[in-house]
2 protein chains.
Amino acid sequence: MSPKVTQAYKELKRQKIMEAGKIVFIRKGYEQTTMKDIIEESGLSKGGVYLYFSSKEEVFSALLEVSDNEYFSFIQRLLEEDGTQWDAITKLSEFIKRKIIEANDELAPAIYEYFFSVKRNNQVPPLLVKRYTRAQNCVKSLLERGVANGEFHPVVSLEEISKFMVSFMDGLSVNMIHLNSEIIGLDSQIDQMLFYLRHALQRSNSDKKNML
Amino acid sequence: MSPKVTQAYKELKRQKIMEAGKIVFIRKGYEQTTMKDIIEESGLSKGGVYLYFSSKEEVFSALLEVSDNEYFSFIQRLLEEDGTQWDAITKLSEFIKRKIIEANDELAPAIYEYFFSVKRNNQVPPLLVKRYTRAQNCVKSLLERGVANGEFHPVVSLEEISKFMVSFMDGLSVNMIHLNSEIIGLDSQIDQMLFYLRHALQRSNSDKKNML
DNA sequence: AATAAAAACGGCACATATGCCGTTTTTATT
DNA sequence: AATAAAAACGGCATATGTGCCGTTTTTATT
């Protein structure tokens with residue numbers, strides 16, 4: 001006697017359901033997606049799926065965690081790289097631009113929808129606070145490193161600068177989801193962000209980066 | 001013989017339904033609200049409400065139009081005022097700040113939800129393009145007036161500056177809806193916006209405003 | 001006051017999502 | 001191969017929204 005499938009098998013099935021969920025969430029968005037959709041897309045049975053996820057909220061938050069980790073690990077890598085912090089910021093802005101362009105074919109729209117959805121239940125959902133501060137701190141770390149190596153001489157606090165950047169990037173994402181890159185002028189807006197940063201950070205000219 | 005109620009009566013009833021809709025949309029958001037909710041809140045009957053609005057989408061877009069008009073008329077008034085354009089920008093930023101603070105008790109969250117909802121049906125909904133360009137052009141007009149009177153000497157195109165402002169303000173709104181003013185640092189972010197504008201617009205010092 | 005037309009009412013049929021739960025199938029061990 | 005436990009299945013009861021449509025009420029005119 002003794003049944004039970006391996007833990008690895010369970011994990012695999014979890015991922016299968018999540019993959020199905022991702023496809024549906026991208027196609028239909030968060031609100032319009034139902035467990036039925038995810039069940040049908042996965043090709044599994046109702047009871048089977050419910051054994052792993054008992055609501056679309058559970059499926060989605062699992063997907064969200066994966067999505068977030070991809071995002072933050074990029075910035076983490078930037079922090080470990082050599083080179084000037086201004087280069088890192090340039091790379092970050094390129095990364096953001098790419099992500100924003102791809103946004104409509106990815107989970108981004110559903111993620112915003114999801115946030116509005118969870119907002120209805122909690123007052124200020126802790127997950128959102130965590131996500132926000134995490135994103136903001138990532139950016140801030142990049143800037144702090146630039147201050148530490150004498151590359152930046154910010155005229156305002158890094159806290160304010162990083163928050164400003166996050167606001168701008170969120171706004172750009174939202175507008176990109178509803179409109180398109182031509183209408184919002186994606187490229188030039190990223191340039192404006194860098195223009196702002198040059199003034200706010202008072203960065204030394206490129207020669208100084210070798211001082212460190 | 002001859003029945004019919006007056007046109008004014010009809011309009012009044014329309015408004016009654018819209019008021020009920022607004023209350024429910026603020027309370028439950030766009031997606032979660034149903035016609036049933038609006039019908040119950042209005043105190044009218046199912047058939048009666050359906051005579052005026054045959055879907056929540058119709059109720060909402062009527063409310064959206066009213067909301068937009070309030071918004072844009074403020075900027076219109078700014079454009080007609082005397083004084084420097086920098087003062088106008090300052091007033092605008094105060095207005096935005098106030099609106100953002102009030103956002104959670106108003107239609108703002110539902111409006112964003114609504115946009116995600118209509119996005120699922122159309123590709124790029126014309127309404128959204130219209131709203132975006134209208135908002136952006138309003139801001140641009142403010143800046144153009146400042147260029148015309150010699151107050152601003154922009155180092156980049158006003159198109160880019162105004163789009164940047166709109167992105168930032170949208171991002172700030174979205175973050176404010178999900179978080180709160182302490183976490184996002186609302187005041188200092190508005191200051192950062194003005195900091196950006198001072199550099200992008202290269203505004204003359206306050207004495208020069210009298211040149212016009 | 002009578003009347004005819006429009007407005008308002010509200011029940012009902014239809015459609016759709018949820019998720020429980022009894023049944024069947026698969027699994028690892030003996 | 002037999003077995004017992006877990007996993008997978010899928011039907012069904014429940015709940016909920018929509019909006020049509022026959023009936024009742026209200027309205028302005030005669």
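It should be emphasised that the depicted structure is a prediction, and the values quoted were computed from it without experimental measurement. Computed over heavy atoms, backbone and side chain alike; hydrogens, waters and symmetry mates excluded. So that the names make sense, note that chain A is the first sequence line, chain B the second, and so on, each numbered from 1.
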Worksheet, complete the sentence: From CG of B:Asp37 across to C1' of D:dT18 the rounded distance in Å is 13 Å
Worksheet item: Within this structure, what is the NZ-to-P distance between A:Lys16 and D:dA7, rounded to whole angstrom?
Response: 18 Å
Practice prompt. Show your reasoning for whether salt bridge (Lys or Arg N to Asp or Glu O under 4.0 Å) applies to B:Lys36 and B:Glu40.
Written response: CA-CA 6 Å; B:Lys36 194 171 172 256; B:Glu40 280 170 4; 3.5 Å; yes
Worksheet item: Which one is paired to D:dA6, where only Watson-Crick or G-U wobble pairs with both distances under 3.5 angstrom count?
Response: C:dT25
Worksheet item: Can you check the B:Glu58 CD to D:dG19 C1' distance for me, whole Å?
Response: 13 Å
Discussion item. By nearest atom, which of the nucleotides C:dC20, D:dA7, C:dG10 is closest to the B:Ser45 side chain?
Written reply: C:dG10
Worksheet entry | Proximal nucleotide (of D:dG19, C:dC20, D:dC9) relative to the A:Leu44 side chain | D:dC9
Practice prompt. Would you indicate what A:Ser54 reaches in the nucleic acid, counting non-hydrogen atoms under 4.0 angstrom: base, sugar-phosphate, or nothing?
Written response: sugar-phosphate
Worksheet item: With respect to B:Asp37, which candidate in B:Lys56, B:Lys28, B:Gln32 satisfies the side chain to side chain donor-acceptor pair (under 3.5 Å) definition?
Response: B:Lys28
Discussion item. Using Watson-Crick or G-U wobble geometry with both distances under 3.5 Å, which nucleotide pairs with C:dC12?
Written reply: D:dG19
Worksheet item: Whole Å only: how far is the NZ atom of A:Lys36 from the C1' atom of C:dA15?
Response: 10 Å
Worksheet, complete the sentence: Rounded to whole Å, CD1 of B:Ile39 lies from P of D:dG17 at a distance of 11 Å
Discussion item. In this structure, how many angstroms lie between the P atom of D:dG17 and the CD atom of B:Glu31, rounded?
Written reply: 14 Å
Worksheet item: When the distance from CG of A:Leu51 to P of D:dG10 is rounded to whole Å, what number comes out?
Response: 15 Å
Practice prompt. Return the nearest nucleotide to the side chain of A:Lys46; candidates are C:dG19, D:dA8, C:dG11.
Written response: C:dG19
Worksheet item: Looking at the rings of A:Tyr71 and A:Phe95, which for Trp means the six-membered one, are their centres under 6.0 Å apart?
Response: yes
Fill in: B:Ser162 backbone acceptor or donor facing B:Gln136 side chain under 3.5 Å
no
Worksheet item: Nearest to the side chain of B:Thr34 - D:dG17, D:dG10, C:dA17?
Response: D:dG17
Discussion item. Salt bridge check, B:Glu31 against A:Arg120: does any charged N sit closer than 4.0 Å to a carboxylate O?
Written reply: no
Worksheet entry | Nearest to side-chain heavy atoms of A:Lys13, which nucleotide of D:dC9, C:dA17, C:dC9 | D:dC9
Item to complete: When you get a sec, tell me which of C:dT18, D:dG19, D:dA8 is the closest nucleotide to the side chain of A:Tyr52?
Response: D:dA8
Item to complete: Return the value, rounded to whole Å, for the distance between atom CD1 of B:Ile38 and atom P of D:dG19.
Response: 12 Å
Discussion item. With a 3.5 Å limit on both atom pairs, tell me what C:dT30 is paired to, counting Watson-Crick and G-U wobble, or say none.
Written reply: D:dA1
